[in-house]
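Here is the structure we will look at, set down as structure tokens.
Below, read A as the first sequence line, B as the second, and so on, with proteins coming before strands; counting in each chain starts at 1.
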2 protein chains.
Amino acid sequence: MLIAPREHAIVGACLERARRNAKVTQQELARRLGKPQSFISSYETGQRRVDVLEMILILHALNIDARLIFDEIYLHFPRTP
Amino acid sequence: MLIAPREHAIVGACLERARRNAKVTQQELARRLGKPQSFISSYETGQRRVDVLEMILILHALNIDARLIFDEIYLHFPRTP
DNA sequence: CAGGGATATCGGATTTTTCAATATCGGATT
DNA sequence: AATCCGATATTGAAAAATCCGATATCCCTG
């Protein structure tokens with residue numbers, strides 16, 4: 001593991017916020033992705049990591065441009081550049 | 001697994017291109033990240049997935065803005081929006 | 001075409017992920 | 001403020017992915 005679990009919670013929180021803004025439940029998002037509801041819960045709570053392609057897929061299922069959320073996550077981690 | 005292994009090769013290829021552009025070897029990047037060289041190889045060849053935070057960390061070790069590479073990956077997957 | 005630096009692969013131990021079942025939360029309604 | 005109930009979190013054991021040192025292979029350069 002290259003990254004502490006705690007930091008993944010930030011990714012989960014961004015994805016949760018995006019889902020809630022889209023007014024979609026975990027159940028409904030899970031259905032759209034063909035996964036169980038616990039799948040959504042586990043990454044939103046930072047229990048599970050989200051890989052790059054999954055993020056694109058998840059946000060697509062919410063009709064959100066993944067680049068916007070990636071920027072948001074990126075800016076949470078104060079590093080250069 | 002939400003995503004086919006084949007698609008992860010695209011992510012790996014983008015990260016490899018970024019590394020080569022930066023004129024850094026797998027060994028050197030591995031050293032910067034505190035990981036073995038086989039770690040770099042495994043994701044560049046699509047054997048392993050790259051999570052969102054890892055991608056930021058990897059590209060930071062190369063002094064590259066992860067948002068640029070994310071855009072590149074994003075555009076490889078023809079979906080709306 | 002040989003040498004050597006760079007990258008890929010192997011294999012078994014370890015860690016993470018998975019998913020159905022179940023528990024808990026939270027807020028709306030009366 | 002107690003109940004209901006839809007939404008979310010947690011559990012646990014099986015399955016899958018990852019880890020990493022050792023080693024093989026690639027491929028560039030002289």
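Glu16(B) has its CD atom 8 Å from the P atom of dT7(C), to the nearest Å. Separating the OH atom of Tyr43(B) from the P atom of dA8(C) is a distance of 11 Å, rounded to the nearest angstrom. Protein atom CD1 of Ile40(B) is 15 Å distant from nucleotide atom P of dT9(C), rounded to whole Å. Protein atom NZ of Lys35(A) is 12 Å distant from nucleotide atom P of dA16(D), rounded to whole Å. Between the P atom of dT18(D) and the CG atom of Asp51(B) lies a distance of 10 Å, rounded to the nearest Å. As a whole-Å value, the separation of Glu54(A) CD from dT16(C) C1' is 12 Å. Phe39(B) has its CZ atom 10 Å from the P atom of dT18(D), to the nearest Å. The interatomic distance linking Gln47(B) (CD) with dT18(D) (C1') rounds to 11 Å, in whole Å.
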Base, backbone or nothing for each nucleotide of nucleotides 21-30 of chain D, written B, S, -, heavy atoms under 4.0 angstrom, 5' to 3'? B---------

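Sorted by residue number, the members of residues 18-29 of chain A with any non-hydrogen atom under 4.0 Å from DNA chain D read Arg19(A), Arg20(A), Thr25(A), Gln26(A), Gln27(A).
Looking at heavy-atom distances under 4.0 Å, Thr45(B) makes contact with sugar-phosphate atoms alone, never a base.
Across all strands shown, dT10(D) pairs with dA21(C); the Watson-Crick or G-U wobble distances both stay below 3.5 Å. Under the Watson-Crick and G-U wobble criteria, each requiring two contacts below 3.5 Å, nucleotide dA22(D) is paired to dT9(C). dT29(C) is paired with dA2(D) under the criterion used here, namely a Watson-Crick or G-U wobble arrangement in which both key atom distances are under 3.5 Å. Pair assignment for dT16(C): dA15(D), on the basis of Watson-Crick or G-U wobble contacts that are both within less than 3.5 Å.
The closest side-chain heavy-atom distance from Thr25(B) to Ile40(B) is not below 4.5 Å.
Minimum interatomic distance between Leu62(B) and Arg32(B) (heavy atoms only, all atoms of both residues): CA-NH1, 4.3 Å. Heavy-atom minimum distance, Arg31(A) versus Glu28(A): NH2-OE2, 2.8 Å. Across Val50(B) and Asp51(A), no two heavy atoms sit closer than the pair O-CB, 3.2 Å. Counting all heavy atoms, side chain and backbone alike, Ala66(B) lies closest to Leu59(B) at CA-CD1, 3.6 Å. Closest non-hydrogen pair, Val24(B) versus Arg19(B), comes out as O-NH1, 2.8 Å.
In terms of phosphate contacts, Ser41(B) brings no side-chain nitrogen or oxygen within less than 4.0 Å of OP1 or OP2 of dT7(C). Residue Arg49(B) places at least one side-chain N or O under 4.0 Å from the OP1 or OP2 atom of dT18(D).
Residue Arg48(B) places its side chain closer to dT18(D) than to any other of dT10(D), dT18(C), dT18(D).
A salt bridge is defined here as a Lys NZ or Arg NE, NH1 or NH2 lying under 4.0 Å from an Asp or Glu carboxylate O, and Glu54(A) with Arg48(A) meets this definition.
Both Ile58(A) and Phe77(B) are part of a single hydrophobic cluster, where members link through side-chain heavy atoms under 4.5 Å apart. By the rule that hydrophobic residues join a cluster once side-chain heavy atoms approach within less than 4.5 Å of another member, Ile56(B) and Leu75(A) end up as members of one cluster.
Residues Gln26(B) and Gln37(B) bring a donor and an acceptor atom of their side chains to less than 3.5 Å of each other.
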